[in-house]
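In what follows, every heavy atom counts, from backbone to side chain, and hydrogens, waters and symmetry copies are set aside. Worth saying up front: this structure is predicted, and the values here are computed from it rather than measured.
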Amino acid sequence: IAGPPQRWEATFGPQDDSARLARAVVEAALTKAGVDPAVTTDALLILSELVSNAIRHARTEYTVSAGVDGGEGSVRLEVFDRDTQQSFVG
């Protein structure tokens, strides 16, 4: 990965098929940025888990943020849902 940092963001509804669309958007962005295909595959697996959790537990719109730091060669994924209830482990 070379070049300046890049960042993409998109918001999706809580429907099950939105996970497929989120993966497609991120895959296209990472491919365009020149991310190694093996890294992209790993990132999409992680994204699937994060998005599935947002759909299953929050049942709200969610925003996917993907970033690539060309200098560090790193990929960052974030998923933000709109659930206002406090999370707990128990």
In Å and rounded to the nearest 0.5 Å, what is the [atom1] to [atom2] distance from [X] to [Y]?
| X | Y | atom1 | atom2 | value |
| --- | --- | --- | --- | --- |
| Leu30 | Thr40 | CG | OG1 | 4.5 Å |
| Phe80 | Leu50 | CZ | CG | 10.5 Å |
| Leu77 | Leu44 | CG | CG | 8.0 Å |
| Thr60 | Asp81 | OG1 | CG | 4.5 Å |
| Glu49 | Ile46 | CD | CD1 | 10.0 Å |

Side-chain contact test, heavy atoms from C-beta onward, threshold under 4.5 Å: evaluate it for [X] versus [Y] and give yes or no.
| X | Y | answer |
| --- | --- | --- |
| Phe12 | Ile55 | no |
| Arg82 | Thr11 | yes |
| Val35 | Val75 | yes |

Pairs touching [range] that satisfy ring pair (Phe, Tyr, Trp, His ring centres under 6.0 Å), sequence neighbours left out:
| range | result |
| --- | --- |
| residues 31-56 | none |
| residues 24-56 | none |
| residues 20-56 | none |
| residues 18-60 | none |

My understanding is that only residues two or more places apart in sequence, or in another chain, count here; which of them pass salt bridge (charged side-chain N to carboxylate O under 4.0 Å, His left out) with Glu9?
Arg7
Listed partners of Arg76 passing salt bridge (charged side-chain N to carboxylate O under 4.0 Å, His left out), at least two apart
Glu78
For side chain to side chain contact (heavy atoms under 4.5 Å, CB included), just list the numbers for Val64 and Leu47, CA-CA rounded to whole Å, side-chain angles, deciding distance to a tenth of an Å, and then say yes or no.
CA-CA 9 Å; Val64 173; Leu47 180 67; 3.8 Å; yes
Which pairs pass side chain to side chain donor-acceptor pair (under 3.5 Å) with one or both residues in residues 22-31, sequence neighbours excluded?
Arg23-Ser48
Going by salt bridge (charged side-chain N to carboxylate O under 4.0 Å, His left out), name the pairs with one or both residues in residues 50-62, residues two or more places apart or in two chains.
none
In this structure, are over 12 heavy atoms from other groups packed under 6.0 Å from Asp16 atom CG?
no
What residues, two or more places apart in sequence or in another chain, satisfy side chain to side chain donor-acceptor pair (under 3.5 Å) together with Ser18?
Tyr62
Asp42: what forms a side-chain contact (heavy atoms from CB on, under 4.5 Å) with it, not counting sequence neighbours?
none
Set of side-chain contact (heavy atoms from CB on, under 4.5 Å) partners for Ala29, sequence neighbours left out:
Trp8
